Enquirer: 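Pasting in a structure now, in structure tokens, and then I'll have a few things to ask.
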Amino acid sequence: MYFLMPFCFCMKVRNAGNVIPNAQHFQDEYFSCEPAALELGCVINDIRHIIVCGHSDCKAMNLLYKLEDEEYSSQRNRRLSPLRSWMWTHANSSLEHFKAWRNAGMQGPLIFSSETPLRRFVAYIDPENKFALEDKLSQINTLQQLSNVASYGFLKPRLESHDLHIHALWFDIYTGDIYYFSRGAKRFVPIDETSVERLTAEVRRYYS
Ligand SMILES: [Zn+2]
């Protein structure tokens, strides 16, 4: 996850699976470092753009995909594997989204909430069917983090006043292609010479 500020100030938070825990996981004063970084970047500092990044052949996403198997994701195995436990706890919503979409034939649109619960967007995942199932899950997981970011009350005033924006990028590590999730096109669009002007116009129009 990247945070961008004017004058090229950039903060970066990385973790296994690039997962932002949903705020519902935290009670009382107990938080993990991801929401602390969000507060540092977007409340204490004046960062206005959050970019959630995913990529192809992500080992954490490949593991998340396998968690569908009951034995693989059993409590015993989750106790032995911090990564299984982390993904099970914080990325299960992505897996559930993926399973419902796959079981319905992988054609239909997915709906995600973003800056506010009412600001929803539609996403068609890999409509050209170019990527492996694990990569489709990775794209869904990337988009799921937009609503997870927006789940924190301390970000609400800035999100509701359109002062803070959340974007999604997805990187294909084998071709080097970088995709931007276009809410206008409702899909991840490769950033290249044919799309860059249109994508830039979309970002300027809606997010500046
Ligand atoms: Zn990865």
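The model shown is predicted, which means the values in this text are computed figures rather than measured ones.
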Enquirer: Among all residues two or more places apart in sequence or in another chain, which pass the side-chain contact (heavy atoms from CB on, under 4.5 Å) test with E70?
Expert: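 Partners of E70 by the side-chain contact (heavy atoms from CB on, under 4.5 Å) criterion come out as none, since no residue qualifies.
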Enquirer: Go through the structure and list residues passing salt bridge (Lys or Arg N to Asp or Glu O under 4.0 Å) with D126, not counting sequence neighbours.
Expert: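 D126 satisfies salt bridge (Lys or Arg N to Asp or Glu O under 4.0 Å) with K136 once adjacent residues are dropped.
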Enquirer: If the condition is side-chain hydrogen bond (donor to acceptor under 3.5 Å, both in side chains), which residues does E134 pass it with, not counting sequence neighbours?
Expert: none
Enquirer: Among residues at least two apart in sequence or on other chains, which ones pass side-chain hydrogen bond (donor to acceptor under 3.5 Å, both in side chains) with K186?
Expert: none
Enquirer: Less than 6.0 angstrom separating the ring centers of H97 and W101, yes or no?
Expert: no
Enquirer: Which residues pass the side-chain hydrogen bond (donor to acceptor under 3.5 Å, both in side chains) test with S138, not counting sequence neighbours?
Expert: W170
Enquirer: I would like to know whether Y180 and H167 meet side-chain hydrogen bond (donor to acceptor under 3.5 Å, both in side chains); could you show each step before the answer?
Expert: CA-CA 8 Å; Y180 175 76; H167 311 267; 2.9 Å; yes
Enquirer: Taking side-chain contact (heavy atoms from CB on, under 4.5 Å) as the test, write out the residues that go with R76, two or more places apart.
Expert: S74, L80
Enquirer: With sequence neighbours excluded, tell me which residues meet ring-ring contact (aromatic ring centres under 6.0 Å, His included) with Y124.
Expert: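 Per chain and number, Y124 pairs via ring-ring contact (aromatic ring centres under 6.0 Å, His included) with no residue.
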Enquirer: With sequence neighbours excluded, tell me which residues meet side-chain contact (heavy atoms from CB on, under 4.5 Å) with A168.
Expert: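 For A168, the residues satisfying side-chain contact (heavy atoms from CB on, under 4.5 Å) (neighbours in sequence not counted) are T142, L143, L146, F181, F188.
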Enquirer: What are the two closest heavy atoms between I125 and L110, and how far apart are they?
Expert: CG1-CD1, 3.7 Å
Enquirer: Will you find, in the side chains of D172 and S56, an N or O donor that is under 3.5 Å from an N or O acceptor?
Expert: yes
Enquirer: Angle between ring planes, F131 versus Y179, binned at 30° and 60°: parallel, tilted or perpendicular?
Expert: perpendicular
Enquirer: With Y72, which residues qualify under ring-ring contact (aromatic ring centres under 6.0 Å, His included), at least two apart?
Expert: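 Y72 satisfies ring-ring contact (aromatic ring centres under 6.0 Å, His included) with no other residue.
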Enquirer: Any chance the side chains of Q145 and N148 put a donor and an acceptor closer than 3.5 Å?
Expert: yes
Enquirer: Tell me which pairs pass salt bridge (charged side-chain N to carboxylate O under 4.0 Å, His left out) where either residue lies in residues 83-107, with sequence neighbours left out.
Expert: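 The answer is E68-R102, E96-K99.
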Enquirer: Mind listing the closest non-hydrogen atom pair of A150 and S114 along with its distance?
Expert: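 So the minimum-distance heavy-atom pair works out to CB-O, 2.9 Å.
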Enquirer: Report the residues that fulfil side-chain hydrogen bond (donor to acceptor under 3.5 Å, both in side chains) with K59, sequence neighbours left out, ordered by chain and then residue number.
Expert: D57
Enquirer: Tell me which donor-acceptor pairs under 3.5 Å the side chains of residues 193-202 have, and how far apart each pair is, sequence neighbours excluded?
Expert:
residue, atom, partner, partner atom, Å
T194, OG1, D192, OD1, 2.6
S195, OG, P190, O, 2.6
S195, OG, D192, N, 3.1
S195, OG, D192, O, 3.4
S195, OG, D192, OD1, 3.3
T200, OG1, V196, O, 2.5
E202, OE1, S182, OG, 2.7
E202, OE2, S182, OG, 3.3
E202, OE2, R183, N, 3.0
E202, OE2, G184, N, 3.4

Enquirer: Taking all atoms of both residues into account, what is the closest heavy-atom pair of F171 and G176, and its distance?
Expert: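 Heavy atoms only, the tightest pair is CE1-O, 3.6 Å.
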Enquirer: If I compare all heavy atoms of L155 with all of V43, which pair ends up nearest, and what's the gap?
Expert: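 Looking at all heavy atoms of both residues, the closest pair is CD2-CG2, 4.1 Å.
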